Amino acid sequence: KDRTLDVYYDKTNTTELKPVYLFIFGGSWYSGSKVKFTNFGSLLEENDYVAVLPNYDLFPHGGFEDMVDDIYHSIQLFEESLIVFFNISR
């Protein structure tokens, strides 16, 4: 499965811990895309947040369980990237 997520953060300051905002876009589970919210991700970044915007399967390509699974795996991927790229663990 091709799960993607966008992470917005201040690339000039990766040593300071910041709050993380996971934004799951709306669309009643059948429409929408994280691409429509790039300005929102940038706004959070500019205000010292780390913004995470995942994509997930939408109906009819996936059911509710698929959507929840996609979001769950996006959270796991983000946590793994914290460890790999920033040497931060939970």
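Values below: all heavy atoms of this structure, side chains included; hydrogens, waters and symmetry mates excluded. Because the structure is a prediction, the values reported are computed rather than measured.
- For Tyr56 and Phe25, the gap between ring centers is short of 6.0 Å.
- Between Asp69 and His73 the shortest side-chain heavy-atom distance falls below 4.5 Å.
- Taking both residues in full, the closest heavy atoms of Phe59 and Met67 are given as N-CE, 3.4 Å, listed atom of the first, atom of the second, then distance.
- Heavy-atom minimum distance, Pro54 versus Leu22: CD-CD1, 3.8 Å.
- A donor-acceptor pair is defined here as one N or O able to donate and one able to accept, closer than 3.5 Å; no such pair exists between the side chain of Lys18 and the backbone of Glu16.
- Judged purely by atom type and a 3.5 angstrom limit, Asp66 uses its side chain to pair as donor or acceptor with the backbone of Gly63.
- Heavy-atom minimum distance, Asp10 versus Thr12: OD1-OG1, 2.5 Å.
- The shortest non-hydrogen separation linking Thr14 to Tyr9 is CG2-CE1, 3.9 Å.
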Going through the distances and angles, do Thr38 and Tyr8 end up as a side chain to side chain contact (heavy atoms under 4.5 Å, CB included)? CA-CA 9 Å; Thr38 56; Tyr8 296 81; 3.2 Å; yes
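- Less than 6.0 angstrom separates the ring centroid of Tyr21 from the ring centroid of Phe40.
- Inspection of the Glu45 and Tyr49 side chains reveals no N or O donor paired with an N or O acceptor under 3.5 Å.
- Side-chain N or O atoms of Asp70 include one that pairs as donor or acceptor with a backbone N or O of Asp57 at under 3.5 Å.
- Between Phe78 and Leu5, the shortest heavy-atom distance links the atoms N-CD2, 4.5 Å.
- Applying the side chain to side chain contact (heavy atoms under 4.5 Å, CB included) criterion to Val68, with sequence neighbours excluded, gives Phe64.
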